[in-house]
Amino acid sequence: MENNISMDNFYRNTVKDFPLINKNKNIIYMDSAATTLKPQKVVDSICDFYYSYTSNVFRGVHPFSEKASMNFEDTRRLVSSYINALPEEIIFTQNCTDSINLLKNLLNLNKNDIVINSILEHHSNYLPWLKSTTLLTVNIDDNGMIDINEILKKITKNTKLIAITYASNVTGNIQPVEDIIKICKEKNILSLIDATQAIAHIQIDVKKIDCDFMAFSAHKMLGPSGVGVLYIKDEIIHSLKPFKFGGGMVNQVIGNEIIVKDPPYCFEAGTPAIENVIAFGESIKYIIQKGIENISLYLKEINQYAFGKLKNLDFINLPFNISDKHIPIFTFLPKNNHIDINYVSRLLSDRKNSIAVNAGYQCCHTLYSNFKINGAIRASLYIYNSKKDIDELINALYDIKKFIQ
């Protein structure tokens, strides 16, 4: 945004679209890294499915099924266009965790295969590889960036995949994914990007960054729960074999022979979360309507304002370095390390203007363990947050200062 007036206009034209905020005037929602709020159009889309055309997809030629199937596929096209992919490169799953587990099974890696990731990874991009492969985890540097030199040192002939987050759900730092993917190409190693936190904050072009796989969740980008996306590059997806079998993924069964559909449908066995996938399409339309460039600019200003306020509080610590490329996710701790962070979170929540933050490990024990920290408080902001919300957080922290020093 060029100035405060345009920033204020963006906020006013946005916040009115979110029924939870409008119906709960005394709640300041700062837990978007856990899940984003939903615009009215997304909620209406789910209701419309149940009211107007409930049906299964790809199972009938009656009007309800045809409409459901058409809207379902429209979402696939919207997702592919949003990240500059082909529709056939988009697999719908239950969430990002499901996407990564699906990929793990499709790649059929074993304990002799090495996967490299970082201490920043959410459990979704850590535990699947830990259980099935030899997982090597790299540290971050003093700027909060994944240490590329350490990646290079860990690569061997058995390294099959490098799996990294685009932006940390704890630190908010945007990682140098293009540099890491370039290494993957030079070393003939596959690349997976967990884009869950970044996807609704910045423009991501899978052809530009040239990753082999990318995973994210609908509910982190204004969509409903129960829907994830797994992008698989076209030249790879056709070489993979499905391991889940059932309705919807098969063309024909002749005796013991199963003739499966072409990708991506062969990887989508069973009835999907139809209404949620369709509603996900509405969330993408909403982001497109707002403009991801405008969203990024707005969030950049929110990020800078929040950081400027938080770093000046003399009774809290920001335990992780904030990089120049950062989305508005801030974790902090009372300087008195004997204070229970859940107690602090409850104090913020119990105010008249209740502030919803997150307290704990944010599914990232590896990072916290590395820094010898027993969790932290996280405030994560999105387009329905304003400078006023940030001021309310700062004032609330001052109000409870005597309880947490």
Side-chain angles (χ1 to χ4, degrees), residues 4 7-8 11 15 18 20-37 122 144 167-173 197 220 298-323 326-365 367-405:
N4 287 334
M7 183 177 178
D8 290 343
Y11 172 73
V15 72
F18 291 86
L20 188 144
I21 295 178
N22 294 319
K23 292 181 179 180
N24 299 274
K25 298 294 186 182
N26 293 328
I27 291 182
I28 298 171
Y29 188 78
M30 292 188 169
D31 199 18
S32 293
T35 195
T36 52
L37 302 182
H122 189 281
S168 167
N169 72 309
V170 176
T171 71
N173 291 329
Q197 291 300 328
K220 300 291 179 75
Y298 180 78
L299 294 175
K300 183 178 180 180
E301 289 212 23
I302 286 290
N303 179 74
Q304 291 172 342
Y305 187 79
F307 181 49
K309 293 286 186 177
L310 286 166
K311 71 180 181 180
N312 288 327
L313 298 182
D314 61 2
F315 53 95
I316 69 165
N317 283 325
L318 297 173
F320 305 109
N321 288 334
I322 304 295
S323 72
H326 185 266
I327 60 177
I329 295 175
F330 299 95
T331 52
F332 58 90
L333 290 165
K335 284 193 174 178
N336 181 348
N337 57 17
H338 297 295
I339 299 295
D340 183 353
I341 58 173
N342 289 296
Y343 169 67
V344 179
S345 179
R346 174 58 65 185
L347 288 174
L348 293 172
S349 178
D350 286 348
R351 290 170 49 82
K352 180 182 177 181
N353 288 329
S354 177
I355 300 175
V357 294
N358 186 291
Y361 293 91
Q362 292 88 43
C363 296
C364 198
H365 279 82
L367 176 63
Y368 281 107
S369 296
N370 189 271
F371 278 77
K372 296 179 172 58
I373 300 172
N374 294 319
I377 301 160
R378 181 184 69 188
S380 51
L381 293 74
Y382 199 52
I383 55 175
Y384 33 70
N385 292 117
S386 64
K387 287 184 177 180
K388 183 179 177 182
D389 291 343
I390 297 165
D391 290 339
E392 286 283 351
L393 172 64
I394 300 303
N395 291 336
L397 289 170
Y398 273 116
D399 287 346
I400 67 173
K401 179 179 178 179
K402 61 185 176 181
F403 300 109
I404 63 176
Q405 280 189 310

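These numbers were taken from a predicted model, which means no experiment stands behind them.
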Please confirm whether the backbone N or O of Ile329 pairs with a side-chain atom of Ser380, one donor and one acceptor, at under 3.5 Å?
-> no

Considering all heavy atoms, the nearest Ile341-Gly360 contact | CD1-N, 3.6 Å

Identify the heavy atoms of Ser345 and Val357 that sit nearest to each other, and give their distance.
-> OG-CG2, 3.7 Å

So, the side chain of Asp389 versus the backbone of Ser386: is there a donor-acceptor pair under 3.5 Å, distance only?
-> yes

Any Leu299 side-chain heavy atom under 4.5 Å of Leu381 side chain | no

So do Thr171 and His326 actually touch side chain to side chain, heavy atoms under 4.5 Å?
-> no

Heavy-atom nearest pair, Val170 first then Cys364, reads CG2-CB, 3.7 Å

Spacing of CZ belonging to Arg351 relative to CG belonging to Leu393, to within rounding of 0.5 Å = 9.0 Å

Is a side-chain N or O of Asn169 found less than 3.5 angstrom from the main chain of Gln197, in a donor-acceptor match?
-> no

Do the non-hydrogen side-chain atoms of Leu310 and Leu397 ever get within less than 4.5 Å of each other?
-> yes

Ring centroid separation Phe315 to Phe332 under 6.0 Å = no

For Thr36 and Tyr384, test the side chains for any donor-to-acceptor distance below 3.5 angstrom and give the result as yes or no.
-> no

Check ion pair Asp8-Lys388 (N to O, under 4.0 angstrom) = no

Atom pair NZ/CD1 of Lys309 and Ile394 - distance to nearest 0.5 Å = 7.0 Å

What distance separates Ile327 CD1 from Ser168 OG, expressed to the nearest 0.5 Å?
-> 8.0 Å

Rounded to the nearest 0.5 Å, how far apart are CD1 of Ile316 and CG of Asn336?
-> 13.5 Å

Okay, side chain of Gln304, backbone of Ile302: is any donor-acceptor separation there less than 3.5 Å?
-> no

Check Tyr368 against Ala376 and note the closest heavy-atom contact, atom names and distance.
-> OH-CB, 3.4 Å

Got Asn353 and Lys25 here, is their nearest side-chain heavy-atom distance under 4.5 Å?
-> no

Do Ile355 and Tyr29 have side-chain heavy atoms sitting under 4.5 Å apart?
-> no

Angle class for the Tyr11/Tyr298 ring planes (parallel below 30°, perpendicular above 60°, tilted otherwise)?
-> parallel

Do Ser369 side-chain atoms and His365 backbone N/O form a donor-acceptor pair below 3.5 Å?
-> yes

Side chain of Asn22, backbone of Phe18: donor and acceptor closer than 3.5 Å?
-> yes

Look only at the side chain of Lys352 and the backbone of Asn26, and say whether a donor-acceptor pair between them is shorter than 3.5 Å.
-> no

Within a strict 4.5 Å, meaning less than it, do heavy atoms of the Ile322 and Lys311 side chains meet?
-> no

Looking only at atom types and distance, does a side-chain atom of Asp340 sit under 3.5 Å from a main-chain N or O of Asn342, one as donor and one as acceptor?
-> yes

Over 60° means perpendicular and under 30° means parallel, so classify the ring planes of Phe330 and Phe307, tilted if in between.
-> parallel

Under a 4.5 Å cut-off applied to non-hydrogen side-chain atoms, are Glu392 and Leu348 in contact?
-> no

When rounded to the nearest 0.5 Å, the distance separating CG of Leu20 from CD1 of Ile27 is 6.0 Å

Non-hydrogen atoms of Asn321 and Asn173 that approach each other most closely | O-ND2, 2.9 Å

Whether Lys335 side chain and Gln405 backbone form a donor-acceptor pair below 3.5 Å = no

Heavy-atom pair with the smallest gap, counting every atom of Ala34 and Arg378 | N-NH2, 3.4 Å

Can you check side chain to side chain contact (heavy atoms under 4.5 Å, CB included) on Val344 and Ile400, steps first, answer last?
-> CA-CA 8 Å; Val344 179; Ile400 67 173; 3.9 Å; yes

Tyr343 side chain near Phe403 side chain, heavy-atom distance below 4.5 Å = yes

So Gln362 and Thr331, side chain to side chain contact (heavy atoms under 4.5 Å, CB included) or not? Walk me through it.
-> CA-CA 10 Å; Gln362 292 88 43; Thr331 52; 4.2 Å; yes

